[in-house]
Amino acid sequence: MVRVRFAPSPTGYLHVGGARTALFNWLYARKLGGQFLLRIEDTDKARSSDDSTRAIFDGLIWLGLQWDEDVVFQGANVQRHARDAAALLESGAAYRCFCTAAELDGRRAEAEAKQETFRYDRRCDRLEAADVASRTAAGLPHTIRFRVPEGTTTWNDIVHGDISFPNKDLDDLVILRSDGTPIYNLAVVSDDIAMRITHVLRGEDHISNTPKQILLYRALGGALPRFAHFPNVLGTDGKKLSKRHGATAVGDYEHLGILPDAMCNFLALLGWSPGGDREVMSPAEMIEAFSEDGLLAKASVFDIKKLEWMNGQHLQRIPLEALAARVAVAIEAAGFSSVTDLNARPEWTALLVDLLRIRSRTVDDIVRQSQPYFGTSVAYDEQATAKQWKDAALSRTLLAGARAALATLEPWDATAVEPALRILAEAHGVGAGKLFQPLRVALTGVAESPGIFDVLLLLGRDRSIARIDAALSHPRLAP
RNA sequence: GGCCCCAUCGUCUAUCGGUUAGGACGGCACCCUUUCACGGUGCAGAGACGGGUUCGAUUCCCGUUGGGGCUACCA
């Protein structure tokens with residue numbers, strides 16, 4: 001049984017790089033019928049917060065990456081971590097170190113000053129047993145260090161192939177602090193063994209932790225998992241994605257009107273390819289197409305333009321009712337209308353959303369463009385009126401003509417509206433566009449909108465007439 | 001500094017020794033058209049460099065260069 005885990009530390013929001021790691025774990029588990037677990041690594045109390053934990057849950061839920069089993073909080077396992085450290089001490093794989101943090105810092109600075117690589121010199125490992133016993137009995141504060149054995153540590157990484165580290169380059173790492181709390185590498189291995197994790201899939205910044213962890217697995221007698229290290233997600237400047245690149249939290253994209261499926265699709269393609277030309281996929285299709293072979297070793301740049309395009313593609317594919325429900329919430333948030341009102345007229349709402357989604361890339365685009373279809377009056381865009389009502393006299397004539405034609409038109413539908421307006425344009429000896437454009441501005445206040453007949457239907461007769469009247473009394477159209 | 005990872009259009013990528021190096025985003029042009037979009041067509045655009053191996057290298061190996069990561073009593 002495949003068991004993978006996503007193990008973020010709750011020190012901020014869920015970052016897109018972390019989201020991608022979670023996604024790959026999720027895809028891996030779902031593809032193989034395994035379990036996707038979530039572990040919150042909160043052992044650093046100073047930096048961890050409940051708000052951050054909540055933000056991680058929210059982000060994963062929004063993305064649709066549901067985890068299996070209960071969330072594991074690493075902080076709840078400190079007793080086991082300490083027990084494991086004690087066991088290592090017992091078996092001789094680790095030793096007590098009485099060097100203080102200040103001494104260590106001093107030696108490190110000294111080595112650096114001499115351009116030398118600092119490595120712990122194991123002086124405490126050479127202490128006489130009696131000495132160690134008496135210092136311990138005296139209650140002298142000390143850490144527990146893992147004694148890195150001789151040799152080379154190698155593993156076959158799922159994305160990178162064989163990677164090996166000479167053990168001599170690994171320092172004897174502290175696994176338990178002098179206050180008895182565990183250090184990261186110990187906690188991770190202890191927990192992964194306890195959680196029976198079979199595949200550790202994480203970011204490439206953990207590559208250099210891996211040999212240390214493998215050594216700890218062996219010393220602890222745990223079954224070694226397979227490892228995969230995903231390359232970093234970079235900003236457009238080629239540097240690791242961070243706050244200064246703008247939006248990096250998945251929540252930011254939610255608020256920008258990105259659909260979760262589009263976000264997952266986009267993230268999956270950063271470092272994974274199903275082969276061939278496939279790009280736009282639903283979560284189910286991604287699971288179906290997912291395989292280790294498609295995982296790339298190269299870091300990739302987060303290109304928001306492509307994300308937006310991807311979102312536009314998903315906007316067209318999502319079932320209309322589902323999109324309408326999301327848009328309704330966003331329209332209420334924008335203050336144009338209410339969910340209750342929109343639900344009361346589902347067909348009208350569906351038509352509105354369907355007409356706007358084709359010219360939108362985000363939910364926010366739809367909301368922005370929906371404004372003219374709510375409320376009684378519209379704000380006339382200066383540029384639009386200047387351009388489309390340039391010839392005031394002609395515009396007045398055409399708008400008045402349209403008002404007259406529409407006022408008594410029966411029935412109020414596409415079959416009647418279109419011929420009526422085309423005949424009107426012809427009667428005035430102008431092309432259809434010469435009539436439609438000024439009318440579009442009169443009805444919506446802006447120069448871009450769905451087709452003019454659809455606009456009329458969306459607004460209804462009364463509001464259409466009222467807006468033409470409002471346009472007629474606009475300063476620019478004054479006689 | 002030491003150790004490790006990486007290297008195809010500006011960006012995301014296909015290619016599993018032999019291709020006019022393909023697709024997508026973005027850009028540009030044109031078509032469609034009542035506007036804006038959508039859609040369609042076309043154009044520009046890539047194997048970092050140097051050595052090998054091979055009949056033949058983008059592909060395999062080595063080096064150089066350039067990016068990135070780690071180097072804590074952080075995670």
Side-chain angles (χ1 to χ4, degrees), chain A residues 7-11 41-44 46-48 74 97 99-101 104-105 108 111-112 115-119 141-145 157 159-160 163-166 168-171 173-179 181-185 187-188 203-211 229 231-232 234 236 238-240 266 269-280 293-294 296-310 312 316 356-361 365 369 384 388 418 421-422 425 431-437 439-441 444 446-453 455:
Chain A
S9 44
T11 55
E41 308 214 321
D42 55 353
T43 52
D44 183 349
R47 292 197 300 164
S48 301
Q74 189 160 65
C97 174
C99 298
T100 66
L104 258 9
D105 285 345
R108 203 184 325 272
E112 243 161 68
Q115 302 259 29
E116 284 168 8
T117 302
F118 175 77
R119 201 160 283 135
H142 60 274
T143 61
I144 293 180
R145 273 187 196 272
D157 196 273
V159 347
H160 293 97
I163 297 181
S164 60
F165 283 76
K168 66 174 175 54
D169 292 326
L170 271 28
D171 228 358
L173 57 149
V174 172
I175 54 177
L176 204 68
R177 293 189 186 86
S178 49
D179 65 0
T181 59
I183 288 293
Y184 173 72
N185 282 305
V188 165
E204 130 186 297
D205 42 338
H206 288 288
I207 287 181
S208 45
N209 284 140
T210 305
H229 291 92
N232 286 322
L234 275 19
T236 43
K239 303 271 189 235
K240 191 174 175 184
F266 174 73
L269 260 21
L270 247 36
W272 172 70
S273 168
D277 298 335
R278 284 191 81 182
E279 292 209 299
V280 183
D293 308 335
L296 283 328
K298 194 183 82 164
S300 44
V301 174
F302 187 94
D303 179 6
I304 193 159
K305 289 278 204 229
K306 186 142 187 179
L307 202 212
E308 287 172 349
W309 167 80
M310 181 67 80
Q316 308 315 313
L356 296 183
R357 70 167 161 179
I358 192 80
R359 53 207 96 221
S360 301
R361 292 199 151 190
D365 282 344
Q369 294 180 74
Q388 303 304 340
E418 176 158 4
L421 290 180
R422 289 197 187 278
K434 287 278 185 245
L435 166 62
F436 297 169
Q437 280 304 93
L439 181 56
R440 186 188 318 281
V441 175
T444 67
V446 294
E448 308 85 34
S449 81
I452 196 72
F453 314 121
V455 170

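Keep in mind the model is a prediction, meaning the values are calculated, not measured. Values below: every heavy atom of this structure, side chains too, minus hydrogens, waters and symmetry copies.
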Select one nucleotide: of [options], the one nearest the side-chain heavy atoms of [X].
{"X": "P166(A)", "options": "C73(B), U13(B), C3(B)", "value": "C3(B)"}
{"X": "L296(A)", "options": "A24(B), U13(B), C73(B)", "value": "U13(B)"}
{"X": "S273(A)", "options": "U13(B), U34(B), C73(B)", "value": "U13(B)"}
{"X": "K239(A)", "options": "G68(B), A75(B), G2(B)", "value": "G68(B)"}
{"X": "D169(A)", "options": "C12(B), G22(B), G2(B)", "value": "G2(B)"}
{"X": "K306(A)", "options": "A24(B), C73(B), C5(B)", "value": "A24(B)"}
{"X": "D44(A)", "options": "A75(B), G2(B), G68(B)", "value": "A75(B)"}
{"X": "K305(A)", "options": "C25(B), C73(B), C4(B)", "value": "C25(B)"}

Look at all strands and tell whether [X] reaches a base, only sugar-phosphate, or nothing, counting heavy atoms closer than 4.0 Å.
{"X": "G203(A)", "value": "nothing"}
{"X": "E41(A)", "value": "sugar-phosphate"}
{"X": "F165(A)", "value": "sugar-phosphate"}
{"X": "F302(A)", "value": "nothing"}
{"X": "R47(A)", "value": "base"}
{"X": "C97(A)", "value": "nothing"}
{"X": "N209(A)", "value": "base"}
{"X": "P8(A)", "value": "nothing"}
{"X": "A297(A)", "value": "sugar-phosphate"}
{"X": "T100(A)", "value": "base"}
{"X": "T117(A)", "value": "base"}
{"X": "S449(A)", "value": "base"}
{"X": "K434(A)", "value": "nothing"}
{"X": "L269(A)", "value": "sugar-phosphate"}

Quick one: do [X] and [Y] make a salt bridge, cutoff under 4.0 Å?
{"X": "E112(A)", "Y": "R108(A)", "result": "no"}
{"X": "E41(A)", "Y": "R47(A)", "result": "no"}
{"X": "R119(A)", "Y": "D169(A)", "result": "yes"}

[atom1] spacing across the pair [N] / [M], given as an integer number of angstrom:
{"N": "A57(B)", "M": "G52(B)", "atom1": "P", "value": "11 Å"}
{"N": "U8(B)", "M": "C43(B)", "atom1": "P", "value": "25 Å"}
{"N": "U15(B)", "M": "U33(B)", "atom1": "C1'", "value": "40 Å"}

Would you say [X] places a side-chain N or O within less than 4.0 Å of OP1 or OP2 belonging to [N]?
{"X": "T43(A)", "N": "A75(B)", "value": "yes"}
{"X": "R108(A)", "N": "A72(B)", "value": "yes"}
{"X": "K298(A)", "N": "U8(B)", "value": "yes"}
{"X": "R361(A)", "N": "C38(B)", "value": "yes"}
{"X": "R177(A)", "N": "C74(B)", "value": "yes"}

Handout entry: Validation row: D42(A), S9(A) side chains within 4.5 angstrom (heavy atoms)
Key = no
Handout entry: Close side-chain approach of L439(A) to Q388(A), heavy-atom, < 4.5 Å
Key = no
Exercise for the section: Assess the side chains of S449(A) and R440(A): does a donor N or O sit below 3.5 Å from an acceptor N or O? Expected result: yes
Going by purine N1 to pyrimidine N3 plus the second Watson-Crick contact, or the G-U wobble pair, all under 3.5 Å, which nucleotide sits opposite [N]?
{"N": "C28(B)", "answer": "G42(B)"}
{"N": "U8(B)", "answer": "none"}
{"N": "C60(B)", "answer": "G52(B)"}
{"N": "A72(B)", "answer": "none"}

Handout entry: Any residue meeting ring-ring contact (aromatic ring centres under 6.0 Å, His included) with H142(A), in chain and number order, not counting sequence neighbours
Key = F98(A)
Handout entry: Residues forming a ring-ring contact (aromatic ring centres under 6.0 Å, His included) with F302(A), sequence neighbours excluded
Key = Y253(A), F266(A)
Handout entry: Under 3.5 Å donor-acceptor pair, R359(A) side-chain atoms to C38(B) base atoms
Key = no
Problem - S178(A) (side chain) and C73(B) (base): donor-acceptor pair under 3.5 Å - result: yes
Problem - Whichever of D303(A) and S208(A) has its nearest RNA chain B nucleotide further upstream toward 5' - result: D303(A)
